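Each remark here refers to the structure printed beneath this line.
All values below come from the heavy atoms of this structure, side chains included, with hydrogens, waters and symmetry mates left out. Note that the coordinates shown come from a computational prediction; the quantities given were computed from them, not determined experimentally. Heads up: numbering here begins at 1 and tracks the sequence.
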Amino acid sequence: MTVVDPETQAGWVPEALEDEADEEMPLSLRLSIADTLTLGNATCGFMAVYFTTTGILTPYLQGSTESGMARHSAATAVILMLCAAVFDLFDGLVARKLRSSPMGAELDNLSDLISFGLAPAYFVLVYGMVADDAHQRVAALGAIVVLLAVVLRLARFSCVTVKDGTFQGMPSPFGALTVVSIVLLELPFVATLLAILGTAWLMVSRVEYPKPRGPLAVAMLAWIVAAMGLLAAWAFDAPGGQLLLQTGCALQAVLGAVIPLFATARRVNNFRGNRREARAAQLP
């Protein structure tokens, strides 16, 4: 309804009517572009669980001896986790460039819990059921540790402030990819379990990891694309595909172990440098 101002004879719309459209949908319920990417992250995590169940666990329980389907499904599940990592990488970049909704942080944590907590933990659980030398109950315990490590990490991330440009503890996407890489290496069960538990500990540790920004984000994206190619070669039984996959998985596991060493060495060097500066300041 238009109201005429008696002094100026100009038409104007009452403020209540002007804001009516905005009040139809609360600000907290509006999805931004970054939120849409975050939901893509959650969808990929759920589908990774789906393919792990239908392509690996169900045929095993039915007594199927077809290894090709299990290989295809395992590769698809891990590729979906990699896609979730891409969504997680870009939703942060988009949120910094464009508007993000008030529920963006909560959506991000919930999606990360599905894609980088539930999906890799379930992958470990199914591995413990189908692998020849695995122990199902012990593997289930390892899967629970992975899930709880991600839960604790995400909860701490929401309430602890760290210096800009770093994460405290191994980021959950990197941790999830390291866990599935360890499983795909097909090491002896004890070595696999110990490596998985070590990765879970790194996720809740205080070791500093750099945030993927600038050149590091580009390098991470390139590594994810390369990993997808290795998984595809392995899934379709390409010549040398098994060796390429194991090489990529070993590199992922080594990176997970080496980055904390670099972070620790940098902290020690900074501490020594501060001590030298303090001593120099005390000299006359």
Side-chain angles (χ1 to χ4, degrees), residues 45 48 74-75 77-86 88-89 112-113 115-125 127 139 142-154 156-157 162 165-213 215-231 234 243-268:
V78 180
I79 286 176
L80 284 166
M81 293 184 213
L82 289 167
C83 290
V86 174
D88 185 63
L89 175 65
D112 286 354
L113 178 59
S115 299
F116 312 125
L118 176 62
Y122 187 71
F123 198 82
V124 172
L125 178 66
Y127 155 74
I144 292 173
V145 171
V146 171
L147 178 63
L148 294 181
V150 175
V151 170
L152 292 172
R153 169 174 173 70
L154 294 174
R156 186 179 66 183
F157 178 77
V162 297
T166 61
F167 288 114
Q168 189 177 80
M170 179 183 287
S172 52
F174 193 88
L177 298 181
T178 303
V179 166
V180 297
S181 295
I182 292 169
V183 173
L184 293 175
L185 277 174
E186 298 181 356
L187 301 172
F189 176 73
V190 175
T192 299
L193 182 64
L194 291 177
I196 289 173
L197 294 178
T199 303
W201 175 81
L202 284 174
M203 283 193 280
V204 296
S205 69
R206 297 183 181 274
V207 177
E208 293 182 353
Y209 283 77
K211 289 186 177 181
R213 295 179 180 175
L216 186 59
V218 175
M220 180 179 176
L221 183 61
W223 170 242
I224 290 175
V225 172
M228 289 181 180
L230 296 177
L231 286 162
W234 173 65
L243 178 60
L244 288 173
L245 178 70
Q246 290 186 339
T247 302
C249 291
L251 181 58
Q252 175 72 32
V254 169
L255 285 174
V258 168
I259 290 177
L261 297 179
F262 279 111
T264 303
R266 184 177 60 182
R267 180 176 295 181
V268 171

Can you tell if the side chain of Pro171 reaches within under 4.5 Å of the side chain of Lys211, non-hydrogen atoms only? no
Tell me which one of Leu230, Leu245, Leu231 satisfies side-chain contact (heavy atoms from CB on, under 4.5 Å) with Val78. Leu231
Begin with the C-alpha distance, continue with both residues' side-chain angles, and end with the deciding distance and a verdict on side-chain contact (heavy atoms from CB on, under 4.5 Å) for Phe123 and Val183. CA-CA 8 Å; Phe123 198 82; Val183 173; 3.7 Å; yes
Please give me the minimum heavy-atom distance between Ala149 and Val204, naming the atom from each residue. O-CG1, 3.4 Å
Could you check whether any side-chain heavy atom of Tyr122 comes within less than 4.5 Å of a side-chain heavy atom of Tyr127, counting everything from C-beta outward? no
Start with the C-alpha distance between Leu118 and Leu113, add both sets of side-chain angles, then the distance that settles side-chain contact (heavy atoms from CB on, under 4.5 Å), and finish with yes or no. CA-CA 6 Å; Leu118 176 62; Leu113 178 59; 5.9 Å; no
For the side-chain contact (heavy atoms from CB on, under 4.5 Å) test, which of Ile196, Leu193, Leu197 pairs with Val145? Leu197
Search all heavy atoms of Gly117 against all heavy atoms of Leu147 and return the closest pair with its distance. C-CD1, 3.7 Å
Quick check against the 3.5 Å criterion: does Arg153 have a side-chain atom that pairs as donor or acceptor with the backbone of Met170? yes
Donor-acceptor contact present, side-chain Arg206 to main-chain Gly169, <3.5 Å: no
Distance check, rounded to the nearest 0.5 Å: Leu82 atom CG versus Trp223 atom CH2? 9.5 Å
May I have all residue pairs that pass side-chain hydrogen bond (donor to acceptor under 3.5 Å, both in side chains) and include part of residues 176-195, sequence neighbours excluded? Thr178-Gln252
dist Leu184:CG -> Cys249:SG (nearest 0.5 Å) comes out at 4.5 Å
Take Val180 and Met81, measure what side-chain contact (heavy atoms from CB on, under 4.5 Å) needs, and give me the verdict at the end. CA-CA 9 Å; Val180 297; Met81 293 184 213; 3.8 Å; yes
How many angstroms lie between CG in Leu177 and CD1 in Ile182, if you round to the nearest 0.5 Å? 11.0 Å
Heavy atoms only: give me the nearest Ser115-Pro120 pair and the separation to one decimal. O-CD, 3.3 Å
Take Ser205 and Gln168 through the test side-chain contact (heavy atoms from CB on, under 4.5 Å) and record every step on the way to the result. CA-CA 7 Å; Ser205 69; Gln168 189 177 80; over 6 Å; no
Closest approach of Ala250 and Leu185, non-hydrogen atoms and distance? N-CD2, 3.8 Å
Please give me the minimum heavy-atom distance between Ala48 and Ala119, naming the atom from each residue. CB-CB, 4.2 Å
Nearest heavy-atom neighbours spanning Val124 and Ala139: CG1-O, 3.9 Å
Mind checking whether Glu208 and Phe167 have side chains closer than 4.5 Å, heavy atoms only? no
Supply the atom-to-atom distance Asp88 CG to Phe116 CZ, rounded to the nearest 0.5 angstrom. 4.5 Å
